[in-house]
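Since the structure is predicted, the reported quantities are computational estimates derived from the model, not experimental observations. Numbered from 1 within each chain, the chains take letters A, B, ... in sequence-line order.
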Number of protein chains: 4
Amino acid sequence: MARMRLRDLGITIGTLPTGPHNAITDVPGVWVGHSTVIHDEPQVVRTGITVIVPREEAIREDFAFAGFHSFNGCGEITGVPWLEESGMLSSPIALTNTNHVGLVRDGLSQYARVKYQGRGFWLSVVAETWDGWLNDPGAYHLTHQHVFEAMAAARSGPVAEGNVGGGTGMICHDFKGGIGTASRLVDSESGQYTVGVLVQTNYGERRQLRVDGVPVGREIGPERVPSPWQQPPLSSSIIVVIATDAPLLPMQCRRLAQRATVGLARCGSVGQNTSGDFFVAFATGNHIPVSAGEPVALKMIPNHHLNPFFEAVPEAVEESILNALTAADTMTGFQGHVAYALPLDELQQVMARYRPRP
Amino acid sequence: MARMRLRDLGITIGTLPTGPHNAITDVPGVWVGHSTVIHDEPQVVRTGITVIVPREEAIREDFAFAGFHSFNGCGEITGVPWLEESGMLSSPIALTNTNHVGLVRDGLSQYARVKYQGRGFWLSVVAETWDGWLNDPGAYHLTHQHVFEAMAAARSGPVAEGNVGGGTGMICHDFKGGIGTASRLVDSESGQYTVGVLVQTNYGERRQLRVDGVPVGREIGPERVPSPWQQPPLSSSIIVVIATDAPLLPMQCRRLAQRATVGLARCGSVGQNTSGDFFVAFATGNHIPVSAGEPVALKMIPNHHLNPFFEAVPEAVEESILNALTAADTMTGFQGHVAYALPLDELQQVMARYRPRP
Amino acid sequence: MARMRLRDLGITIGTLPTGPHNAITDVPGVWVGHSTVIHDEPQVVRTGITVIVPREEAIREDFAFAGFHSFNGCGEITGVPWLEESGMLSSPIALTNTNHVGLVRDGLSQYARVKYQGRGFWLSVVAETWDGWLNDPGAYHLTHQHVFEAMAAARSGPVAEGNVGGGTGMICHDFKGGIGTASRLVDSESGQYTVGVLVQTNYGERRQLRVDGVPVGREIGPERVPSPWQQPPLSSSIIVVIATDAPLLPMQCRRLAQRATVGLARCGSVGQNTSGDFFVAFATGNHIPVSAGEPVALKMIPNHHLNPFFEAVPEAVEESILNALTAADTMTGFQGHVAYALPLDELQQVMARYRPRP
Amino acid sequence: MARMRLRDLGITIGTLPTGPHNAITDVPGVWVGHSTVIHDEPQVVRTGITVIVPREEAIREDFAFAGFHSFNGCGEITGVPWLEESGMLSSPIALTNTNHVGLVRDGLSQYARVKYQGRGFWLSVVAETWDGWLNDPGAYHLTHQHVFEAMAAARSGPVAEGNVGGGTGMICHDFKGGIGTASRLVDSESGQYTVGVLVQTNYGERRQLRVDGVPVGREIGPERVPSPWQQPPLSSSIIVVIATDAPLLPMQCRRLAQRATVGLARCGSVGQNTSGDFFVAFATGNHIPVSAGEPVALKMIPNHHLNPFFEAVPEAVEESILNALTAADTMTGFQGHVAYALPLDELQQVMARYRPRP
């Protein structure tokens, strides 16, 4: 059965409508680009970089308000001190593997140096999850050039999911994981907006997985689909990026970021000890010019209009995680390790068995 | 059908075993006391105070490590700055209504003054949720005497749930809410411990309620059981208190507190804007004498042994919330407002309908 | 020698100009009110309440952005969870003694109930310092009526300093402390604004006190002016309230609050273990209507224009602390305890001795 | 006049005694290593790496409790999410320039891979300040090899200060800055311990500089010693590393880190907008084995014994900053930019002029 998106299987999450692509790129100006590196010689490489580029790269001179939340801190993410101090995002957000998070971070500033004479991308936000089970962790495959490639590939429209970009070698709930995305249209008293989410999923045990409340992970246990390991390696994580075109202030972005916890909890996570579960939210509804010479005019959605956003984020996070699982195909990698895909027919059967009786 | 606990209905949450009372009092030395105030003259009063007393009141001179997490900050909780700075709890934790949180806080220090000559309970932890729908908010019913009563009533063993103590006038998922409790036995690589939880539930909309993943709130909508209101009042919250006898350090207690989010999310909460969702965790496994004259000897469970605790907290939080709902009976209060109890037979029927087909 | 303000002694702090009253009330719309309670029968009372009222009480329906910073958390301050979650202040800020912080907090909501039918002052910000050396801590003197009195006394213009309001019984650097205030005019690239500060000082040891870098506390040691105690009691704290009319966002207010640390450090504090050193900053330059029905129009001073504010806050904090010391007169209180005033003539002599040689 | 340390000029800071080397290496087991890169061809390079290595590298399998504080967040520091979540440091701390912070971070994990088969240094703490005025920011000079060099150079004993390692190209208060260190012996009720500090100074304006309260920066203005620029470049920062052999818990380490603010404030900083002012404190008095199989035995200094530590940190931070200034020599770099050293004879003269009259 070909890999597909969750909705193509007849399974929907929540009640809110999606944007046209059901992707983070439904937020105007948000681009996604992947650089995927897969080869077996001279070393087994299954890794890559995914970039989320707000404002079609103008983010470097037209900042967006942003917020951060950590559900569990066993991971690396750069750029957070300034994001929290200033309340702003001023760079793309890049996702990659653990061993290259520094390289990708430095690479973004070199990218700005080459393309913009060093103006911009100073304290870039780059996060990682660990792919050392499928990807040989003993070599350092990525270069600044891969950062340039991911940036060059960034565009709006449909987003490739599963074994692509930073998600290439990732494993989630003991199935093959990777990149997933989804979006929701929010109808608030302050108007209509889009909330988009992109995740890099690499967390969780099989038994914990739930889909719309149904204990799928218990039903499709390792006796049906083998786990990639007897004992999972230490590191396992999820990065969630949330975008919206609503005019939110920094503390409101932070509140959106914290709600990613709810979507993650619905999928079964408890925030295990060695998980790096980092959530970043940015809002493009305000413009903050890098060289503003006077007070900047802004809009703010009142806090008492935020509940529809607080509903949208968990829905989009839950669906993004599940899209990563339904899109990612079985992968064989380093030392012959295999991570099996979530079997879509079995998923449908389990969901049907849990459908309520009339 | 008489009110009862969730397990008495044949519904269990999670996989871990409970303690003997399935209550926070399963943690040795933890007492719970209620002062419940219900009368109709001269004003309609439906309120009270619940105290959770660690170490049988010796907490005032034998501190416990503790941590705090806020899922959403629209509420009041005292004592947190010192709890976070020192990493310790040095007082009982009291729960009451919004208008009396200050009085209860001052009352605890007066209690210590009377009973212990002013030694202890300096910066007490007192939290609130809003009961102004069933309880007349225009009068100030509680006095320091009620604090003394709740303290005098504190004991180990089974804990009264539902319409008692601070939970007396509370409403949850548009059903009658209140106090609930549960516990889990944790089998970690560092030994066996108990995790106990007590909640004061006053949050959430009907449609959001889930029980073990089943959308109970959608199935038992307002057309079957009326909501207490057309438009919910602004304030709605949940306080979660987590206790364990494990030797955890402050940052580990904070991590436990943060996991309450998962249990709350499983029940359907998204952390609405006007909710004050505060989680406090304390660990009695270490002793910190108030007047220690030299370095204090401690034990710490290694972080890599914490995952079983991270499983236990969401389970106990979810079950505590549901125990509050199944224990609380329909209540009529201020201005004739009615909050209906969750109908237990309908709950059982819904759960049966969602049971998987063979 | 009569008590007076620091500048009347010919001592200035920093380089920025002050507002017309050199007080927090120089920020338009900010009122200050004191309720001072001093009597010897039936108990020795030396305490009170000080309120800082933004927007001439309209704060209850026209919120101000605000931020919080704790330098050391051994104290109580209410209202902070919602201030931090929402980024807003929606109440007066009240200062009082430790045992009455709860009463004053509840009293503000009752004040709103009486005056505004319960609309407003829901999660009020009330902070405390400990006056139990001069004020009998064994009785509970203050009532809601004193809250009403302080509110009724609130006005713009010059502010009484020293032994007034919440500062009545306070002790600072082993001299008599209390309430102090100061202001600075800020000339930023985004325009001219006022920064006002009010402090309630109750922290620090004699030897630590510095005035404009000069080690005054070492020069006027206990052999010249006795300390109030052999061994200081445990609790000692400072509350700093910062107001500005600049259009700052919440995270910018938080940054201003954090800079109070610098002013406090200049006076000699190291943030001792039992100190509750809490700093709140609010900015009235934006208006956030409680019932906004659509996105709210705001202005924000760009972060790169903030340095003049970061200079102003430490200057005003340092001068406020010193104004509290030069204004407060010697006081005799509970059990005959005496706290001596900083001797102004000796202060002038010390400052002259440290004046640089030509 | 040859460069020397502050105490060699007859100037002392504070009252506490220093350790034998008055350096962070006075804390047993703490090593410091520099890799300094200075050349003019093919590009002008003035940069390097400094590593602080706890426990003689055994930190990778015997963690130390640690805490973090940000005074102002305009900078990059890696490893903080896990340091804060776990409360532990498990790697060396490295300091370098902004453009290479990612490379140094990745390099430390490669170092562990080569030396320890990948076991250790997973989420290393690496911080940066900006040296782009003296060091050509347009090239990427450093390689993993320089990380290996700095680690190989790490040792106990006296520490080179000024234009070395990560501090090579740094500028502080418009004088030449760089690396500085100092230590204090702490005599607490819980015993005697050492507090060591190392700083990489790159912050501040001339006029702000104070030495023991004396306004040295105003006295030695740009008319006496030219500033390196008309308009300072945007980025300017200070990294403070604090070490102690006391058995402190994570939250106590965090409190020590926060006290670095006091030392920095004494030197004149107000935490300017574009400063990345990050403080890390670690305590080697407890041992936390990476693979602990049972609860770990610990000691904790009671909070009420911490005040002497709170005195020691500001003293050692202030002296470390000043040691960087007195040690660093004038440097000419990129595009002929010159940063002049603080003139030691003038410093002595200013300090003498401010000495109090008898």
Side-chain angles (χ1 to χ4, degrees), chain B residues 68 70-87 90 94 96-110 112-114 117-119 122-128 130 132 137-140 142 144 147 234-235 237 271 273-278 290-291, chain C residues 68-87 90 94 96-110 112-114 117-119 122-128 130 132 137-140 142 144 147 234-235 237 271 273-278 290:
Chain B
F68 172 75
S70 169
F71 178 42
N72 196 61
C74 192
E76 187 59 76
I77 178 167
T78 69
V80 168
W82 184 231
L83 185 151
E84 292 195 314
E85 183 82 39
S86 68
S90 56
T96 188
N97 77 56
T98 310
N99 277 356
H100 290 91
V101 65
L103 177 132
V104 173
R105 181 246 170 241
D106 292 351
L108 276 170
S109 72
Q110 198 180 31
R113 182 162 295 282
V114 168
Q117 292 74 51
R119 291 192 289 275
W122 279 81
L123 295 165
S124 296
V125 175
V126 184
E128 55 70 41
W130 173 250
Y140 287 75
L142 300 180
H144 285 194
V147 177
L234 277 184
S235 220
S237 306
N273 178 59
T274 52
S275 211
D277 302 340
F278 299 136
V290 60
S291 305
Chain C
F68 172 75
H69 183 74
S70 169
F71 178 42
N72 196 61
C74 193
E76 186 60 75
I77 178 167
T78 69
V80 167
W82 184 230
L83 185 150
E84 291 195 314
E85 182 83 39
S86 69
S90 55
T96 187
N97 76 56
T98 310
N99 277 356
H100 290 90
V101 64
L103 177 132
V104 173
R105 182 247 171 241
D106 293 350
L108 277 170
S109 73
Q110 196 180 34
R113 181 162 297 280
V114 168
Q117 291 74 51
R119 292 190 290 274
W122 279 79
L123 295 164
S124 296
V125 175
V126 184
E128 56 70 40
W130 174 251
Y140 286 74
L142 299 180
H144 285 195
V147 178
L234 276 184
S235 220
S237 307
N273 178 59
T274 52
S275 210
D277 302 339
F278 299 135
V290 60

- request: Return the option, out of C/Gly118, C/Gly276, C/Gly138, with the maximum number of heavy-atom pairs under 4.5 Å with chain B.
  value: C/Gly138
message: At a heavy-atom distance under 4.5 Å, which candidate from B/Ser70, B/Gly107, B/Gly132, B/Gly75 has the highest pair count against chain C?
response: B/Gly75
message: Under a 4.5 Å cutoff for heavy-atom pairs, which residue among B/Ile77, B/Leu83, B/Asn273 has the most contacts with chain C?
response: B/Asn273
query: Measuring heavy-atom distances to chain C, does B/Ser90 have an atom under 4.5 Å in its side chain, in its backbone, in both, or in neither?
result: neither
field: Which of C/Asn72, C/Val126, C/Val114 touches chain B most, by non-hydrogen pairs under 4.5 Å
entry: C/Asn72
query: In terms of heavy-atom proximity below 4.5 Å to chain C, should B/Val101 be classed as side chain, backbone, both, or neither?
result: both
task: Locate the shortest heavy-atom distance separating C/Cys74 from B/Leu123; write the atom from each residue and the value.
output: C-CD1, 4.0 Å
- prompt: Between B/Arg113 and C/Pro137, is there a donor-acceptor pair closer than 3.5 Å when you use the side chain of the first and the backbone of the second?
  reply: yes
- prompt: Taking all atoms of both residues into account, what is the closest heavy-atom pair of C/Leu103 and B/Asp106, and its distance?
  reply: N-OD2, 2.7 Å
query: Once you round to the nearest 0.5 Å, how far does OG1 of B/Thr274 lie from CH2 of C/Trp122?
result: 10.5 Å
- request: Select one option (side chain, backbone, both, neither) describing which atoms of C/Val104 are under 4.5 Å from chain B's heavy atoms.
  value: neither
- request: Looking only at non-hydrogen atoms, find the nearest pair between C/Glu76 and B/Pro81 and report the distance.
  value: OE2-CD, 4.3 Å
- prompt: Non-hydrogen atoms of chain B under 4.5 Å away: do they reach the side chain of C/Gln110, the backbone, both or neither?
  reply: both
